Amino acid sequence: MSNTVDTVDNDIIKPFKGDPCIGNLSTPINDSPLAKAFINNLPAYRKGLTPFMRGLEIGMAHGYFLVGPEVVIGPLRESAHGANLSGLITAIYIAVSACLGISIFAITTFQGNPKGSYSSYSKDSLRPLRTREEWSQLNGGIFLGAMGGAIFAYLLLENFDSLDAILRGAVNAS
């Protein structure tokens, strides 16, 4: 019996906060100070941000990066400008779909005071948004940020030759 207890105490993987009923494991990766600092600096969990600013930051990053895969491996990748436009349209479509999903989640979850982690009485720090209005603000920020990020990526791709020439010093070189 004591051998089993010694084995559990020496394991590097333990129940989160010592409570196996939480349903999470504490590992060297997810419970390290570096991982905690990284996760706490993500816009979803960073303290002091309004829901709109969280959404704006999340949307800008996702809108910017959603253009690339369609440009590189999409069906129009061989065409000169079709790949970039296809990437922009795909990024906008994915962002609008995600915003629609967030709206459906907010409308269905926050009818009254929900039970569980999203309850206004819950102290779960991993779910900082507790009302329908906060989720709507997050959704607006994600939509605006994703559109801006996707359009910015599209403009960079469309003007890549000009930007490359500027960075190489070919423009205004005498």
Side-chain angles (χ1 to χ4, degrees), residues 13 16 23-110 117-118 124-171:
I13 299 174
F16 187 69
N24 193 5
L25 295 175
S26 175
T27 68
I29 295 173
N30 72 358
D31 204 24
S32 71
L34 181 65
K36 286 180 179 178
F38 175 74
I39 291 172
N40 286 333
N41 271 325
L42 291 174
Y45 304 114
R46 194 177 317 137
K47 296 186 185 323
L49 288 179
T50 64
F52 181 79
M53 291 304 292
R54 288 179 200 276
L56 193 65
E57 192 170 337
I58 292 168
M60 283 192 300
H62 285 83
Y64 181 77
F65 287 112
L66 284 173
V67 173
E70 182 72 16
V71 171
V72 174
I73 60 172
L76 297 176
R77 64 182 176 267
E78 298 298 328
S79 64
H81 298 287
N84 298 340
L85 185 61
S86 173
L88 175 66
I89 293 170
T90 301
I92 289 173
Y93 176 77
I94 292 171
V96 168
S97 299
C99 288
L100 181 65
I102 291 171
S103 294
I104 292 170
F105 170 79
I107 290 170
T108 57
T109 301
F110 297 101
S117 299
Y118 290 106
D124 188 356
S125 62
L126 294 179
R127 292 173 177 82
L129 305 178
R130 306 285 167 121
T131 65
R132 183 186 304 176
E133 291 76 27
E134 289 175 338
W135 279 92
S136 294
Q137 291 174 9
L138 177 84
N139 199 16
I142 287 176
F143 179 78
L144 194 62
M147 297 301 121
I151 291 171
F152 181 71
Y154 171 76
L155 291 175
L156 284 178
L157 289 169
E158 282 293 312
N159 299 306
F160 183 78
D161 292 335
S162 300
L163 292 171
D164 187 45
I166 291 171
L167 292 175
R168 290 178 185 266
V171 176

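Not measured: the values here are computed from a predicted model.
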> Quick one: are D31 and K36 in side-chain contact, heavy atoms under 4.5 Å?
Replying inline: yes
Taking the side chain from [X] and the backbone from [Y], do they hold a donor-acceptor pair closer than 3.5 Å?
| X | Y | value |
| --- | --- | --- |
| T108 | F105 | yes |
| N30 | L25 | yes |
| R54 | R46 | yes |
| D164 | F160 | no |

>> Checking T131 against F110 for the side chain to side chain contact (heavy atoms under 4.5 Å, CB included) test, could you report, in this order, the C-alpha distance in whole Å, the side-chain angles of both residues, the deciding distance, and whether it holds?
In response: CA-CA 7 Å; T131 65; F110 297 101; 5.5 Å; no
Point-to-point distance, once rounded to the nearest 0.5 Å, from [atom1] of [X] to [atom2] of [Y]:
| X | Y | atom1 | atom2 | answer |
| --- | --- | --- | --- | --- |
| L88 | L155 | CG | CG | 8.5 Å |
| Y45 | N40 | OH | CG | 9.5 Å |
| I104 | T109 | CD1 | OG1 | 11.0 Å |
| L163 | L157 | CG | CG | 10.0 Å |
| Y93 | L66 | OH | CG | 13.0 Å |
| I39 | L34 | CD1 | CG | 9.5 Å |

For the residue pair [X] and [Y], what are the closest heavy atoms and their distance?
| X | Y | result |
| --- | --- | --- |
| R77 | V71 | CB-O, 3.4 Å |
| G63 | A91 | O-CB, 4.1 Å |
| N139 | S103 | ND2-OG, 2.6 Å |
| W135 | A106 | CB-CB, 3.6 Å |
| I58 | P43 | CG1-CG, 3.7 Å |

> In this structure, which one of L138, I92, V96, L56 forms a side-chain contact (heavy atoms from CB on, under 4.5 Å) with F143?
Replying inline: V96
> More than 12 heavy atoms of other residues, nucleotides or ligands under 6.0 Å from OH of Y64: is that the case?
Replying inline: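 No, OH of Y64 has 12 or fewer neighbouring heavy atoms, counting only those of other groups under 6.0 Å.
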